[in-house]
Amino acid sequence: MKEQLHTIPIHDAMTHAGECPFCYIERKTEEHAMDFVLGHGASYMEADIREMTDKEGFCRNHFKKMFDYGNALGNAWILKTMYMRYLEEADKEFKNFKPQASSKKSLFSKDKNPQDSNSIVNWIKHREESCFICKMVDQTFHAYMKTFFELYKKDATFKDQIKATQGFCLNHFKILLSYADEVLKDQAKQEFYDIVLPLERENLERIFEDVSWFVEKFDYKNKDADWKNSKDAVQRGMQKLKGSDPSLPAYVMKK
């Protein structure tokens with residue numbers, strides 16, 4: 001199958017897959033989003049862009065990554081107009097707020113959700129669940145997931161690329177299987193599962209062995225033994241279970 005612009009990132013991810021090609025795609029997509037929001041293109045100086053970022057806001061995780069990115073002025077511009085929106089919304093919420101009558105039920109009762117009746121709590125909860133970068137990454141990531149299955153169905157060599165990887169993190173494996181159920185017909189679906197299930201099982205076992213040997217290396221009897229492939233087993237083990245390599249350095253603004 002001839003390489004196309006939208007397929008290049010998939011092939012690139014399969015080449016640099018590490019423990020999960022989709023972790024690689026997600027990271028590169030997030031870096032692109034960070035550059036868009038705070039990079040040299042100065043998107044944050046455009047009023048229409050700030051209107052979108054003000055509306056969506058940012059999650060705690062991406063506020064930390066934006067801070068680490070290093071553009072203090074850009075972050076300040078974003079925060080300034082975001083606070084203006086928050087203050088406007090807060091004024092409306094606070095002005096119209098009336099506490100609900102106290103209930104005899106405990107605050108921690110299983111059948112009582114304090115967020116159901118408190119409009120301010122609901123407003124904050126809505127704000128916490130919305131993030132411009134999360135949304136941007138999610139939309140792009142799912143577009144690449146569709147491209148992955150286009151390649152799987154049309155490119156005969158792509159199956160060999162999948163088999164040559166070290167499997168997937170469980171988070172992205174879940175998404176991958178959900179897409180397979182949706183876009184593949186019965187025979188192709190069975191073939192796909194026959195490829196990825198043994199692949200995933202084999203590589204979960206590999207990580208287990210690496211982590212186990214890492215532990216054994218701290219036994220004095222093994223102090224002179226070879227580390228084998230276990231020196232970075234902890235970060236790879238964490239990534240395999242939850243996604244994203246925790247040892248990666250912060251992504252910073254290019255000078």
Side-chain angles (χ1 to χ4, degrees), residues 4-46 48-71 74-75 77-79 81-82 85 125-152 162 165 167-180 182-183 235-236 238-254:
Q4 299 178 22
L5 190 61
H6 69 291
T7 66
I8 292 173
I10 300 294
H11 288 300
D12 191 37
M14 302 300 279
T15 303
H16 301 89
E19 292 300 336
C20 178
F22 293 113
C23 283
Y24 180 87
I25 288 173
E26 190 174 61
R27 185 173 78 252
K28 291 299 180 184
T29 302
E30 183 181 63
E31 290 172 358
H32 173 75
M34 295 281 289
D35 288 336
F36 174 79
V37 171
L38 286 169
H40 292 293
S43 296
Y44 60 88
M45 293 298 292
E46 301 294 333
D48 58 334
I49 299 298
R50 288 208 310 279
E51 173 68 21
M52 289 190 290
T53 57
D54 291 348
K55 180 180 179 181
E56 299 292 342
F58 299 95
C59 65
R60 180 191 298 184
N61 178 49
H62 282 122
F63 260 146
K64 176 64 168 67
K65 291 185 177 184
M66 288 162 66
F67 181 83
D68 291 339
Y69 188 79
N71 186 347
N75 278 308
W77 264 109
I78 289 169
L79 286 170
T81 55
M82 188 176 294
R85 179 181 285 263
K125 182 174 181 289
H126 171 73
R127 274 303 188 176
E128 288 174 338
E129 293 173 344
S130 181
C131 174
F132 179 82
I133 293 179
C134 283
K135 185 176 181 179
M136 189 175 180
V137 170
D138 187 62
Q139 290 174 341
T140 306
F141 178 84
H142 284 283
Y144 281 131
M145 185 66 75
K146 292 177 182 178
T147 302
F148 176 93
F149 280 101
E150 286 178 16
L151 285 168
Y152 179 81
I162 297 173
T165 69
F168 312 89
C169 75
L170 287 181
N171 178 53
H172 290 135
F173 192 54
K174 169 193 69 181
I175 299 171
L176 182 71
L177 299 186
S178 296
Y179 262 87
E182 183 178 339
V183 304
Q235 56 261 44
R236 289 189 293 107
M238 289 178 175
Q239 179 185 0
K240 207 69 169 176
L241 292 181
K242 295 296 180 180
S244 184
D245 183 348
S247 69
L248 289 172
Y251 184 62
V252 299
M253 186 176 184
K254 297 178 178 66

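Starting from 1, each residue takes its place in the sequence as its number. Note that this is a predicted model, so its numbers are computed, not measured.
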Quiz item: Charged N to carboxylate O below 4.0 Å: is that the case for K28 and E31?
Solution: yes

Exercise. Could you label the plane-to-plane angle of the F148 and F168 rings as parallel, tilted or perpendicular, counting under 30° as parallel and over 60° as perpendicular?
Key: perpendicular

Exercise. Using a strict 4.0 Å threshold on nitrogen-to-oxygen distance, state whether E150 and K146 make a salt bridge.
Key: no

Quiz item: Under a 4.5 Å cut-off applied to non-hydrogen side-chain atoms, are E19 and D245 in contact?
Solution: no

Quiz item: For the residue pair F22 and F141, does the interplanar ring angle fall in the parallel (under 30°), tilted (30 to 60°) or perpendicular (over 60°) class?
Solution: perpendicular

Quiz prompt | Close side-chain approach of V37 and F58, heavy atoms under 4.5 Å | solution = yes

Practice problem: Begin with the C-alpha distance, continue with both residues' side-chain angles, and end with the deciding distance and a verdict on side-chain contact (heavy atoms from CB on, under 4.5 Å) for V183 and Y152. | Solution: CA-CA 11 Å; V183 304; Y152 179 81; over 6 Å; no

Self-check item: Sole candidate of H126, K125, R127 that passes side-chain hydrogen bond (donor to acceptor under 3.5 Å, both in side chains) when paired with E129
Solution: K125

Quiz item: Taking all atoms of both residues into account, what is the closest heavy-atom pair of V137 and T29, and its distance?
Solution: CA-CG2, 3.9 Å

Quiz prompt | Which atom of G167 lies closest to which atom of K240, heavy atoms considered | solution = C-NZ, 3.6 Å

Quiz item: Are any side-chain N or O atoms of H62 and backbone N or O atoms of F132, one a donor and one an acceptor, separated by less than 3.5 Å?
Solution: no

Self-check item: Minimum heavy-atom distance between C23 and S244, given as atom pair plus value
Solution: SG-N, 3.3 Å

Quiz item: How far apart are the C-alpha atoms of E56 and M136, what are their side-chain angles, what is the distance that settles it, and do they pass the side-chain contact (heavy atoms from CB on, under 4.5 Å) test?
Solution: CA-CA 10 Å; E56 299 292 342; M136 189 175 180; over 6 Å; no

Quiz item: Under 6.0 Å from the NE2 atom of H142, do we count more than 12 heavy atoms belonging to anything else shown?
Solution: yes

Quiz prompt | side-chain contact (heavy atoms from CB on, under 4.5 Å) partner of P21, the single match among M14, H16, H172 | solution = M14

Self-check item: Side chain to side chain, L38 and I78, heavy atoms closer than 4.5 Å
Solution: yes

Self-check item: salt bridge (Lys or Arg N to Asp or Glu O under 4.0 Å) between E51 and R85, intermediate numbers included
Solution: CA-CA 9 Å; E51 173 68 21; R85 179 181 285 263; 2.8 Å; yes

Exercise. Check whether any side-chain heavy atom of L176 sits under 4.5 Å from a side-chain heavy atom of M145, and report yes or no.
Key: yes

Exercise. Taking all heavy atoms of K254 and all of D35, pick out the closest pair and write down the distance.
Key: NZ-OD2, 3.8 Å

Quiz item: Could you walk me through whether M34 and M253 pass the side-chain contact (heavy atoms from CB on, under 4.5 Å) check?
Solution: CA-CA 9 Å; M34 295 281 289; M253 186 176 184; over 6 Å; no

Quiz item: Would one find more than 12 heavy atoms of other residues, nucleotides or ligands at under 6.0 Å from atom CE of M82?
Solution: yes

Quiz prompt | Shortest non-hydrogen contact from I25 toward P9 | solution = CG1-O, 4.3 Å

Practice problem: Please assess L151 against H11 for the test side-chain contact (heavy atoms from CB on, under 4.5 Å), listing each intermediate value before the final yes or no. | Solution: CA-CA 10 Å; L151 285 168; H11 288 300; 3.9 Å; yes

Quiz item: When you check the side-chain N and O atoms of D12 and Y24, is any donor under 3.5 Å from an acceptor?
Solution: yes

